[in-house]
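Encoded as structure tokens, the structure appears first; notes follow it.
Treat the numbers as computed from the prediction; the structure is a model and nothing was measured.
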Amino acid sequence: MRHYIREIRKNTVGMNRREKAEYILTYYWYHILGVVAAVCLILFLIIHFGFREDPPLFTCAMVNQEINFERDGQMEEDFSEASGIDEARMDINSDYNISYGDVKLEGINESSYEKFFFKWQNRELDAVIVPESFYEYCKEVGGTFRNLEGWNTEGFTLYEDSGDITAVEVEDTMLTGYLENETGEKLLLAFPDTGQHEDECRAFLDFIRR
């Protein structure tokens, strides 16, 4: 760097500021570009690794419910208060209006479908609240759910799949205070077997028990 500075000083003797600037931009623009790129890379790495948020400890997707972020936030707050899990480490989200099979919704964001199954594949979904037909659709495309045998399911209406208990029916749980079931189907709470936070899922079951 000192070499370039000495060279610029030598070659710009007698020039005014405008002429010096034009000379530097003409002959050293690629050096400047490289420095700027290096600084941007350093800043990106600092922000990405130094200020990265901790990943959620509990992620729940509610499919084909009214999108209501205020309601979702209230659920997070109430669950946090009941369980002691940091509210900032939860993601309970109703932004999943999805068309599938014979169910065709109007005016939906098609990206919700990709987002839902990307999170599932990426092991980022701990729980799902879904109509029974969407539960079956998930199975058709290769999704599987945790067997709840050995979990504390006392007081729930249990949903059996091929002889295994894989979900609880939302009706007659505390979730009915938050959700509207306008589909006419059973509304199920299930836990994808790719989820990574079983303790938090068990805590969520305790939270919704009346």
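Heavy-atom neighbours of Gln121 CD from other residues, nucleotides or ligands within 6.0 Å: at or below the threshold of 12. Other residues, nucleotides and ligands contribute only 12 or fewer heavy atoms inside 6.0 Å of the CG atom of Asp102. Shown here is Glu160, whose CD atom has more than 12 heavy atoms of other residues, nucleotides or ligands within 6.0 Å. Sparse packing is recorded around CD of Glu171, with 12 or fewer heavy atoms of other residues, nucleotides or ligands lying under 6.0 Å away. Residue Phe69 qualifies as enclosed at atom CZ: its count of foreign heavy atoms under 6.0 Å is above 12.
A donor-acceptor contact under 3.5 angstrom links the side chains of Glu185 and Ser133, judged on distance only. With no hydrogens or angles considered, no side-chain donor-acceptor pair links Arg209 and Thr173 at under 3.5 Å.
Nearest approach of Val170 to Leu175, heavy atoms of both residues: CG1-CB, 3.6 Å. The shortest heavy-atom contact between Leu105 and Ile98 is CD1-O, 3.6 Å. Residue Leu205 comes nearest to Val168 through the heavy atom pair CD2-CG2, 4.1 Å, listed as atom of the first residue, atom of the second, then distance. Of all non-hydrogen atoms in Ala203 and Ile85, the two that sit nearest each other are CB-CD1, 4.4 Å. Across every non-hydrogen atom of Glu124 and Thr59, the tightest pair is O-CB, 3.2 Å.
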Worksheet item: Would Thr166 and Phe191 satisfy side-chain contact (heavy atoms from CB on, under 4.5 Å), going step by step from the backbone distance to the final call?
Response: CA-CA 8 Å; Thr166 54; Phe191 305 93; over 6 Å; no

Worksheet entry | Glu198 and Arg146: CA distance, side-chain angles, deciding distance, salt bridge (Lys or Arg N to Asp or Glu O under 4.0 Å) verdict | CA-CA 10 Å; Glu198 182 175 325; Arg146 290 181 184 270; 3.2 Å; yes

Discussion item. Before you tell me yes or no, could you show the steps for Ile92 and Phe58 under side-chain contact (heavy atoms from CB on, under 4.5 Å), namely the whole-Å CA-CA distance, both residues' side-chain angles and the distance that decides it to 0.1 Å?
Written reply: CA-CA 8 Å; Ile92 300 177; Phe58 180 76; 4.2 Å; yes

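Evaluated for a side-chain hydrogen bond (donor to acceptor under 3.5 Å, both in side chains) with Ser94, the options Glu66, Gln65, Arg71 yield exactly one hit, Arg71.
Note: the hydrophobic cluster containing Tyr135 does not contain Leu179 (ILVMFWY, side chain heavy atoms under 4.5 Å, direct or indirect links). Linking Ile, Leu, Val, Met, Phe, Trp and Tyr whenever their side-chain heavy atoms come within less than 4.5 Å leaves Tyr178 and Val63 in two separate clusters.
The main-chain N or O of Arg123 is found under 3.5 Å from a side-chain atom of Gln196 such that the two form a donor-acceptor pair.
Note on ring orientation: taking the six-membered ring where Trp is involved, the planes of Phe207 and Phe79 are tilted (angle from 30° to 60°).
Listed by first and then second residue, the salt bridge (Lys or Arg N to Asp or Glu O under 4.0 Å) pairs that reach into residues 76-95 are Asp95-Lys115, sequence neighbours excluded.
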